[in-house]
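Right, one structure below, let's go through it.
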Amino acid sequence: MKIKFIDGSVREFQNGMTIEDIANAISISLRKKSIGAKVNDKIVDLDFVLAEDASLELITEESPDAIEILRHSTAHLLAEAVKSIYPEAKFGVGPIIEEGFYYDMDLGDHVLTESELPDIEKMMNKLASQNQKIEREVMSKEEALEFFKSDPYKVELISDLPDSEEISAYTQGLFTDLCRGPHLPSTKWIRHFKLLSLAGAYWRGDSKNKQLTRVYGTAFFTQEELKNHLELLEERKKRDHRKLGKELDLFMLSEYGPGFPFWLPNGMILRRELESFWYRVHLKEGYKLIQTPIMLNKDLWVVSGHWQNYRENMYTSEIDDMEFAIKPMNCPGGMLVYKRDLHSYKDFPLKVGELGLVHRHEASGALNGLFRVRNFTQDDAHIFMTEDQIVEEVASLVRLFDYVYSVFDLSYHIELSTRPLEKYIGEISTWDKAEAALASALQSMNKDYIVNPGDGAFYGPKLDFKLRDSMNRIWQCGTIQLDMNLPERFDLTYVDHLGEKKRPVMLHRALFGSIERFIGILIEHYAGAFPTWLAPVQVKVIPVNLEYHKQASDRLVQILRDANIRVEEDYRDEKLGYKIREAQTKKIPYQIVIGDEEAASDMVTYRRYGEKEQVKISVSEFVEMIQKEVKIA
RNA sequence: GCCGAAAUAGCUCAAUCUGGUAGAGCAACUGACUUGUAAUCAGUAGGUUACGGGUUCAAUUCCUGUUUUCGGCACCA
């Protein structure tokens, strides 16, 4: 057989050799370094037998796929260790995830606690150091069912496998696990790992099923990578917006209103800056702005379909014996505004924006700081147009999103969510057309995207914008949804060029998604050190000596205030170092110290947050610099 | 909502295991010091230990219910 290697070379080998044999034939050191291989781009074990011509790529520690194999095998090692401590343990699934792996297990009556994780780690280390061979075995479905008969979860998994699928199991030491693989050749590779946390998780992700214990962990090939990752986790903890929100006095939560955040003066400045930026950008883009009521009669929600489909998330109340609902979305109100007037095709695309406060009854366990709340402000807009305007409008929205996210140095990727398999309304041909329109808009701009089959809303397909922050986490923020449902339900019309009434097409879109969540993301993204235009306090003025320098400080504060710069003075009876330190811990972008030299001239000495360097410039230059810096859109 | 953990001064934490009505640092307040780039010193005050019920001579501590928070799951902007 002919084996083609990654460098393009082709060599002849005897049929039926394992990959390990072939690696050995090339060089013993290469074999020793190899932990798996890719045959025709499919990842396999080292003992995979090659029977025909194929392309072959050996996977070593340096290969991008290697870490997945390592983590997968570490998950097995975790299970092996748990099994050796709790022989009665039953196992669910143990997959790799973006930054590690987990394993779901059922320990019967035993409740696993965090304090036991080190013991399990110890056992894992012990087992790993035994250098157990990890061996693959192919079974028939009957054999597999027989072998795993004492483990109901594995039996369920096996039973659900299609007959065409090859069933394999991996054995290391005394532990055998049903698994597709591939795995490391032996446990000796597993040295740098950590068990991170544990939590309950429903069997097969279904809340109707039993809850298993899930243990999370991660693994790397080197101690240094592991250390770096643990440091990243620490850094994320330090940046937690709930912690920073408290330290920087941005917002608060009270047990009198779970999920209903309170905005403090500093947080209000952030909000207002963000909102006024949003208004400026949208006015430039030709949006009209409206505001619709918080509460509307139940009948409206019946028309929109929310009463039937979204009832459990809605808060209701009674007014004059009539049932009302607090809006969970802005669209129905927007429909009423549209219907107030007759519309011509000449008005299209009609772009109507609203920063709308919506309330949703979220499950108590879902609440999380500003990331998941029960009332939040959607930066919503509805765009009404004709069908052939879709591509152009979507493209112009993507350009807008692009610009706005770039202001915050947030990168993103796009996911196209298509028609759900079961719960959807309308004609499949319309869906196909809508999906194609969204896709072709992206193609026309050379934007890459991932397709998320079946994940669209029930009324239409959507583009989701997944932002990646400075800590490498992904957040769903922006969304563009093509809706063919509401215009129908609300009987929206426009008059076309022949004077006939037609049904418009509508886009729902949000850029930040939720102002609250977006601020939470920004807090963590910037670690609380906001760019000057967003910073609640932009400049701190600190006199060296209160007696001698207060007047000069007062003068400067007044100048800055007149220039619309958010400035605070620190006239407390404390040492200079103390005030400097506080200005730094509060992450204020600029601190100015006023002493003899500054008082005697029109100069300021400033220090930028996080920098040691002191810069001396004239007051007018300083004002100009700040004004230039905060000029966003 | 589900599984698990937790709640002590404004904040960060101790005392809880082994029951005997709570301590520290920071912040606040008072006074002294009068300062050139990350914490000056001394003093004062601050607590129905989340809330309710139970066990006990005695509960922050043990049991129990509720609320909230945290880690996940499910759900999701």
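Just the heavy atoms: all of them, side chains too, but no hydrogens, waters or symmetry mates, feed the values below.
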Sugar-phosphate only, base, or nothing, as touched by T585(A) at under 4.0 Å among non-hydrogen atoms: base
Watson-Crick or G-U stems involving RNA chain B, each at least 3 pairs long, distances under 3.5 Å, ordered by first number: B:1-7 with B:67-73, B:10-13 with B:23-26, B:28-32 with B:40-44, B:50-54 with B:62-66
Touch class at under 4.0 angstrom, heavy-atom based, for A199(A) against every strand present: base
Whichever of T479(A) and I594(A) has its nearest RNA chain B nucleotide further upstream toward 5': I594(A)
Pair K90(A) + D151(A), salt bridge at N-O below 4.0 Å: no
Sugar-phosphate, base or nothing in reach of S207(A), heavy atoms under 4.0 Å: sugar-phosphate
Sugar-phosphate, base or nothing in reach of E247(A), heavy atoms under 4.0 Å: nothing
OP1 or OP2 of A27(B) under 4.0 Å from side-chain N/O of Y578(A): yes
Presence of salt bridge, K550(A) and E569(A), under 4.0 angstrom: no
Shortest side-chain distance from Y202(A), nucleotide among G36(B), A74(B), G72(B): A74(B)
Touch class at under 4.0 angstrom, heavy-atom based, for G595(A) against every strand present: base
Which nucleotide in G36(B), U68(B), A38(B) has an atom nearest any side-chain atom of R607(A): A38(B)
Residue R214(A), side-chain atoms from C-beta onward, closest of C73(B), U67(B), G36(B): C73(B)
Side chain of E598(A) - closest among U35(B), G71(B), G36(B): G36(B)
Whichever of V373(A) and D573(A) has its nearest RNA chain B nucleotide further upstream toward 5': D573(A)
Sugar-phosphate, base or nothing in reach of Q614(A), heavy atoms under 4.0 Å: base
Sugar-phosphate, base or nothing in reach of Y216(A), heavy atoms under 4.0 Å: sugar-phosphate
N or O in side chain of N368(A) less than 4.0 angstrom from U69(B) OP1/OP2: no
Sugar-phosphate only, base, or nothing, as touched by E516(A) at under 4.0 Å among non-hydrogen atoms: nothing
Touch class at under 4.0 angstrom, heavy-atom based, for G365(A) against every strand present: base
Sugar-phosphate only, base, or nothing, as touched by R360(A) at under 4.0 Å among non-hydrogen atoms: base
Side chain of A366(A) - closest among A74(B), A77(B), U37(B): A74(B)
Nearest-neighbour nucleotide for the T605(A) side chain, A38(B), G1(B), G36(B) considered: G36(B)
K586(A) with D249(A): basic N within carboxylate O range, under 4.0 Å: yes
Separation of the P atoms in U12(B) and G71(B), to the nearest angstrom: 15 Å
Shortest side-chain distance from K246(A), nucleotide among C11(B), A77(B), G1(B): C11(B)
Aromatic stack F376(A)/A77(B): centroid gap under 5.5 Å, interplanar angle under 30°: yes
Sugar-phosphate only, base, or nothing, as touched by A363(A) at under 4.0 Å among non-hydrogen atoms: base
F465(A) and Y405(A) aromatic ring geometry - parallel, tilted or perpendicular at 30°/60° bounds: tilted
Sugar-phosphate only, base, or nothing, as touched by E547(A) at under 4.0 Å among non-hydrogen atoms: nothing
Atom-to-atom span, NZ of K237(A) to C1' of G71(B) - whole angstrom: 10 Å
Polar side-chain contact R242(A)-C70(B) base: donor and acceptor under 3.5 Å: no
Nucleotide U40(B), atom P - distance to NZ of K579(A) in whole Å: 11 Å
Shortest side-chain distance from E255(A), nucleotide among C76(B), G36(B), U67(B): U67(B)
Salt bridge R239(A)-E234(A), side-chain N to carboxylate O under 4.0 Å: no
Touch class at under 4.0 angstrom, heavy-atom based, for L253(A) against every strand present: nothing
Under 4.0 angstrom between S364(A) side-chain N/O and G1(B) OP1 or OP2: yes
R236(A)/E524(A) ion pair, N-O < 4.0 Å: no
Nearest-Å distance once atom C1' is located in both U64(B) and U18(B): 22 Å
Donor/acceptor link under 3.5 angstrom from E362(A) side chain onto base of A77(B): yes
Atom-pair distance (NZ on K208(A); P on G1(B)), nearest Å: 18 Å
Ion pair R204(A)/D160(A), N-O distance below 4.0 Å: yes
Ring geometry between F260(A) and Y315(A) (parallel below 30°, tilted from 30 to 60°, perpendicular above 60°): tilted
Selected nucleotide, minimal atom distance to R572(A) side chain, candidates C76(B), A28(B), G71(B): A28(B)
Salt-bridge present (K616(A), E597(A); N to O < 4.0 Å): yes
Axial cation check for Y412(A) ring with R468(A), 6.0 Å and 45° limits: no
Closest listed nucleotide, where the reference is the side chain of P258(A) and the choices are G36(B), U35(B), U69(B): U69(B)
